[in-house]
Amino acid sequence: MPVLEQIAVEIAAAPGRGTPADYIPALATTDPRQFGMAVAELDGTVYGVGDWETPFSAQSITKVFTLALCLSMEGEGLWEHVGREPSGNPFNSLVQLEYENGIPRNPFINAGALVVTDRLHSLTGDASGTLRDFLRVESGNPDLDFDEQVWASETANGDRNAALAHFMASYHNIANPVPVLLDEYFHQCAIEASCADLARAAGFLARHGIGAEGDILLTRSQAKQINAVMLTCGTYDAAGDFAYRVGLPGKSGVGGGIIAVVPGHCTLCVWGPGLDERGNSVSGVAALDRFTTLTGLSVF
Ligand code: GLU
């Protein structure tokens, strides 16, 4: 795809790459000069450029997939436990939770993702295993797995997430014991996957809920709902700027990856480990901005 080659050349020449996340020590040493980008068509055909086949830490990108699993199993009842409004606060903030009685603003901030993982664990008995198996099928990569080093690093530095979980448990919005939930959540965050894997795995969001094997994972309406929450809440407290620049539903993670969806057309995943001050990949946002500008593909 010539447009991907052009973007890679522009990204290589751009000054400033941001800084890898260092609050999870295992991520801090990732080389910020790496860059990959993949586009998956609706039939799963993938095109890529740069480090598009290099596995990286998916982190919060996985929140999209646990939300999809939970919504497909639980339906609308999920929204009694987590909202769907942008938070305007950092992803790991405790502030809003107290005056909103332990109901997180949305499923893509850490508090909201903890609620979703807790519910998925109650529904399946194995939230992280269910997620991994789902991603293996949807990506077509049977080797996709957790990075145990990242899991251990998060576990050793998990006080903030533990505080969020305990706080919500005090409002009875967490059903499982907090240590069990945290272990599931840290495994979820430690999924390792490439741009090719994640672009393919997100394909059901472009296919209006249809999975890689033709099965109905979500109703058309649920796929629309997840895309909408990605657009409004998917890129931390910079979702407005991301929508302005990129014009697509997207979800970022502190590993430097971002997935984006062009409904009815294709899915994308970009990866550049250097983050801006809000936690989004500098080269990733720039690459998606250029992609929608050069191709005219956006939801607007
Ligand atoms: N594992 C990270 C955390 O819970 C995920 C954050 C992110 O990627 O936004 O802090």
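Since we're looking at a predicted model, the values are computed, not measured. In each ligand, atom 1 is the first atom listed, and ligand 1 is the first ligand listed. Note that these values count all heavy atoms, side chains included, but never hydrogens, waters or copies made by symmetry.
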Inset, instruction - May I ask you to say whether D276 pairs ionically with R278, meaning some side-chain N is under 4.0 Å from a carboxylate O? - result: no
Inset, instruction - Starting from atom 2 (C) of ligand 1, find the nearest protein heavy-atom neighbour and note its residue, name and distance. - result: Q59 OE1, 3.0 Å
Legend entry - Within-shell test, Y23 vs ligand 1, heavy atom, strictly < 4.0 Å: yes
Legend entry - Atoms in ligand 1 with a heavy atom of Y185 nearer than 4.0 Å: 3 (C), 4 (O), 5 (C)
Legend entry - Nitrogen or oxygen of V254 less than 3.5 angstrom from that of ligand 1: yes
Inset, instruction - Verify whether one side chain among S87 and N106 offers a donor that lies under 3.5 Å from an acceptor in the other. - result: no
Inset, instruction - Pick one of side chain, backbone, both or neither for how C189 approaches ligand 1, counting any non-hydrogen atom pair under 4.0 Å. - result: side chain
Inset, instruction - Report, in ascending order of atom number, the atoms of ligand 1 lying under 4.0 Å from any heavy atom of N161. - result: 3 (C), 4 (O), 10 (O)
Inset, instruction - Would you please say whether a donor-acceptor pair under 3.5 Å links the side chains of E184 and S128? - result: yes
Inset, instruction - Please determine, by modelled atom types, if E192 and Q149 share a side-chain donor-acceptor pair under 3.5 angstrom. - result: no
Legend entry - Under-4.0 Å heavy-atom contact with ligand 1, by part of R160 that carries it: neither
Inset, instruction - Look at atom CZ of F167 and say whether more than 12 heavy atoms of other residues, nucleotides or ligands are closer to it than 6.0 Å. - result: yes
Inset, instruction - From the options N110, L182, I24, select the one whose nearest heavy atom is closest to atom 3 (C) of ligand 1. - result: N110
Inset, instruction - Answer with yes or no whether the hydrophobic clustering places V150 together with F56; edges join I, L, V, M, F, W, Y residues whose side-chain heavy atoms lie under 4.5 Å apart. - result: no
Inset, instruction - Show which atoms of ligand 1 fall inside a sub-4.0 Å distance from at least one heavy-atom site of S60. - result: 5 (C), 6 (C), 7 (C), 8 (O), 9 (O)
Legend entry - Modelled atom types, side-chain donor and acceptor of T235 and N280, under 3.5 Å: no
Legend entry - Residues E10 and Q6: side-chain donor-acceptor under 3.5 angstrom: yes
Inset, instruction - Number the atoms of ligand 1 from 1 as they appear, then name those within less than 4.0 Å of a heavy atom of Y236, with their elements. - result: 7 (C), 8 (O), 9 (O)
Inset, instruction - Considering the heavy atoms of G253, write down every atom of ligand 1 situated less than 4.0 Å from one of them. - result: 8 (O)
